[in-house]
Amino acid sequence: MSRARASWWVCGVSVLGLLISAASSQQPAPAEVPPVQFVDVTRQVGITWRHVNGATEDKYLIETMGGGGAFLDYNRDGRLDIFLINSGCHKFSVKCTPGKNALYRQNADGTFTDVAQQAGVASSGIYGMGVAVGDYDNDGYPDIYVTGFPHNTLYHNNGDGTFADVTDKAGVAASGWSTSAAFFDYNRDGYLDLFVGRYLDWDYSKEVFCGERRPGYRSYCHPDQFRPISSRLFRNNGDGTFTDVSEASGIAKHEGKALGVVAFDFNRDGWMDLYVANDAVRNFLFRNNGDGTFTEMALLAEVAYGLQGKPQSGMGTDAADYDGDGWPDLFVTNIDYEPNNLYRNSGDETFTDVTISANLGSVALLFSAFGTRFIDYDNDGALDLVVLNGHVLDNIHLFREGVTFAERPFLLRNSGGRFQEVGARHGPAFEKAYVGRALATGDFDNDGDIDLLWVTNGGPPVLLRNDGGNRNAWIGFELVGTASTRDAIGALVTVTAGGRRRVRELVGGSSYCAAHDLRLLFGLGTVEKVEKVEIRWPSGVTSQLENLAARRYYRVQEPEKEKPAARDIKKAAKKPN
């Protein structure tokens, strides 16, 4: 398939057109082939990395929780690259070959080359867990934050293909065991702040014997064996340094066992909030008060517990408007014998647990889910769900009949607000078993449909190319902030096409230990023209675009406050395809 990329700017709007040859998606698929197939291209494109967990017979809990992964365009060449976080050999690992992080640069031919060593990100000196990506200094190049134990690492992107470890200078080491993290601008000052989820009050000396004292029956300890701990919030000072405001903001008042986090504006008041999925203790919803403080209100909002009114094993999470009412909903993944939870936003700072009515009550009961995302995999306009499964106990089959360590993933198709598991119809990868952890999403081949990156514990990653999702029409947006942060995290985009409104928010964090393509992609079904686009930037400025052609990515720059955004749009819309 030949591809050419066209790009131009007009008054703050750039069209990134993807021209696909006649031999591509214009041809209908054979009748016996499903319209969308996810194809495992990992080896084909040159990805040979493998996650190392340093597992031992003593079963230290940390061994089973990594690793992380991200889609990012680190060199700003218009092609998504891949960053993979290794855990490696820990303090008591034996016969362990140390693993390194991988930074796979995407080449012009669609293959990848690992440049981590040259870039200076191969070894962060920690037992790695996850990753957050964000341009914290607004210089146009994405920076990388790696979480793990016994501290975390911040890499500044130098803009020349290399990174510098600025952890100490920036003041964001955050001691202890960290998992998921999220960049977001909580105080709307135009700089990305950083939330760091910490899992447990844990170190090697606090491990105890768990399981049974007979051969093969020792197991990894349940998190109940360890005390909860507070997460950290770092305010960006705008000079390359951060201030720990965990106490002052109210975040530190609440001790949990954080595994997943998503930053989003749940009540649409213009201030980004935080939802934290906690393991075996209640989940947190931190409402941003707009004055530098947060109020934890998960109980009031009815998103603290599962259907039984008890804490569940919250692991991954995402937020998006799955039912098309304009309000962001929440999805949380859990361990086996617990359903994954779907919470529908009621629009009044409360949510309703619709797990059962959405047909999600039983599908996951024998599975343990980590990474997850709302995606429109077939571009029909409805947000579906993808879930990466994998248990935490390598000998779980000895304790629970029908439950396995490696598990198949889910592809959950949204049909009128009810979900059906359809993975087996969309590629062999959904029929295989993995010890899944991080799940990242992005359009790595720039063809207008969402591709998937899976990271497995102690195994190789999986890169899945979406073939056929772009048969339906689509439109995508790369947002460039000016008064807002350059990444524009927190921006709200409303697309009206064919008389139907679709709302997407550029969230921070989400999934589990992962970072994603920052472009917003809208499926349009059969509609080939967009009547109107409205963008509410984090600064409060709005842009309006009209009469845009489908099957294009548009790069949109935040207008200056004194300039009427609508004038920019009309000119951009007249630009030929």
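Judged by distance alone, the side chain of D378 and the main-chain N or O of G469 form no donor-acceptor pair under 3.5 Å. With T352 contributing its side chain and V354 its backbone, the two residues share no donor-acceptor pair below 3.5 Å. In this structure a side-chain-to-backbone donor-acceptor pair under 3.5 Å is present from Y275 to V303. A donor-acceptor pair is defined here as one N or O able to donate and one able to accept, closer than 3.5 Å; no such pair exists between the side chain of D336 and the backbone of S368. The main-chain N or O of G78 is found under 3.5 Å from a side-chain atom of N446 such that the two form a donor-acceptor pair. When atom types are taken as modelled, the side chain of N278 and the backbone of A258 share a donor-acceptor pair closer than 3.5 angstrom. Side-chain atoms of E505 do not come within 3.5 Å of backbone N or O of A320 as any donor-acceptor pair. Here the side chain of N414 pairs a donor or acceptor atom with the backbone of G417 at under 3.5 angstrom.
Aromatic ring centroids of H90 and Y204 lie under 6.0 Å apart. Checked against the 6.0 Å centroid criterion, the rings of F266 and W327 do not qualify as a close aromatic pair. Taking the six-membered ring for Trp and the full ring otherwise, the centers of F264 and F184 sit at least 6.0 Å from each other. Aromatic pair W474/Y377: ring centres not closer than 6.0 Å.
A heavy-atom distance below 4.5 Å is not found between the side chains of L274 and F284. Here the side chains of Y512 and T372 are not in contact, with every heavy-atom distance at 4.5 Å or above. Side-chain contact between I335 and H391 is present, with at least one heavy-atom pair separated by less than 4.5 Å. Looking at heavy atoms from C-beta onward, P228 lies out of side-chain contact with L200 at the 4.5 angstrom threshold. Residues W49 and K100 have side chains not in contact (no heavy-atom distance under 4.5 Å, counting atoms from C-beta outward). Side-chain contact check for Y104 versus L84: some heavy-atom pair is nearer than 4.5 Å. Side-chain atoms of F410 and N389, non-hydrogen and from C-beta on, do get closer than 4.5 Å to each other. I82 has its side chain within reach of F71: a pair of non-hydrogen atoms, C-beta onward, lies under 4.5 Å apart.
Side-chain polar atoms of S511 and H516 form no donor-acceptor pair below 3.5 angstrom. The closest side-chain donor-acceptor pair between D451 and T441, if any, does not fall under 3.5 angstrom. Under the 3.5 Å distance criterion, with hydrogens and angles disregarded, a donor-acceptor pair is assigned to the side chains of D40 and T42. For D329 and Y343, the side-chain atoms include no donor-acceptor pair closer than 3.5 Å. No hydrogens or angles considered: a donor-acceptor pair under 3.5 Å links the side chains of N341 and Q312. Side-chain atoms of S87 and N53 form no donor-acceptor pair, as typed in the model, at a separation below 3.5 Å. In summary, the side chains of Q420 and S415 do not present any donor paired with an acceptor at a separation below 3.5 Å, with no hydrogens or angles considered.
The number of heavy-atom neighbours closer than 6.0 Å to NZ of K206, taken from other residues, nucleotides and ligands shown, is above 12.
Ion pairing of D467 with R465 is present here, as a side-chain N (NZ or NE/NH1/NH2) and a carboxylate O approach within less than 4.0 Å.
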Stepwise, does the side chain to side chain contact (heavy atoms under 4.5 Å, CB included) test hold for V387 with F367? CA-CA 10 Å; V387 180; F367 294 81; over 6 Å; no
Side chain to side chain contact (heavy atoms under 4.5 Å, CB included) assessment of F444 paired with V41: CA-CA 12 Å; F444 83 86; V41 296; 4.1 Å; yes
Report the C-alpha distance between D376 and R413 in whole Å, list the side-chain angles of each, state the deciding distance to 0.1 Å, and finish with yes or no for salt bridge (Lys or Arg N to Asp or Glu O under 4.0 Å). CA-CA 9 Å; D376 183 0; R413 187 173 189 274; over 6 Å; no
Evaluate salt bridge (Lys or Arg N to Asp or Glu O under 4.0 Å) for D318 paired with R373, printing each intermediate quantity in order. CA-CA 6 Å; D318 194 19; R373 287 280 277 172; 3.5 Å; yes
For the pair D353 and R344, evaluate salt bridge (Lys or Arg N to Asp or Glu O under 4.0 Å) and give the outcome as yes or no after the intermediate values. CA-CA 6 Å; D353 191 327; R344 184 176 58 80; over 6 Å; no
Take K432 and E407, measure what salt bridge (Lys or Arg N to Asp or Glu O under 4.0 Å) needs, and give me the verdict at the end. CA-CA 7 Å; K432 296 179 181 179; E407 301 171 335; over 6 Å; no
Test side-chain hydrogen bond (donor to acceptor under 3.5 Å, both in side chains) on R198 and S178; report intermediate values, then the result. CA-CA 4 Å; R198 295 199 296 175; S178 299; 5.5 Å; no
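For the side chain to side chain contact (heavy atoms under 4.5 Å, CB included) with W202, the qualifying choice from K257, E207, R227 is E207, the only one to do so. Results of the side chain to side chain contact (heavy atoms under 4.5 Å, CB included) test with K59 over L393, D394, T64 single out D394 as the only residue that passes. Among the candidates V493, V495, I475, the single residue satisfying the side chain to side chain contact (heavy atoms under 4.5 Å, CB included) test with L520 is V493.
Taking the six-membered ring where the residue is Trp, F195 and F286 present tilted rings, their angle falling between 30° and 60°. Classified by interplanar angle (parallel below 30°, tilted 30° to 60°, perpendicular above 60°), the ring pair F92/Y60 is parallel. The aromatic rings of F419 and Y322 sit tilted relative to each other, their planes meeting at an angle between 30° and 60°.
Annotation: cation-pi geometry satisfied between R400 and Y337 (NZ/CZ under 6.0 angstrom from ring centroid, within 45° of ring axis). Taking the ring axis of Y217 as reference, the NZ or CZ atom of R213 does not stay both within 45° of it and closer than 6.0 Å to the ring centre. A cation-pi geometry, defined here as NZ or CZ lying under 6.0 Å from the six-membered ring centre and within 45° of its normal, holds between R519 and Y553. A cation-pi arrangement is absent between R282 and Y305 under the rule of less than 6.0 angstrom and at most 45 degrees off the ring axis.
Closest approach of Q225 to C210, counting heavy atoms only: CG-SG, 4.0 Å. Annotation for A319 and L330: closest pair CB-CD2, 4.0 Å, computed over non-hydrogen atoms.
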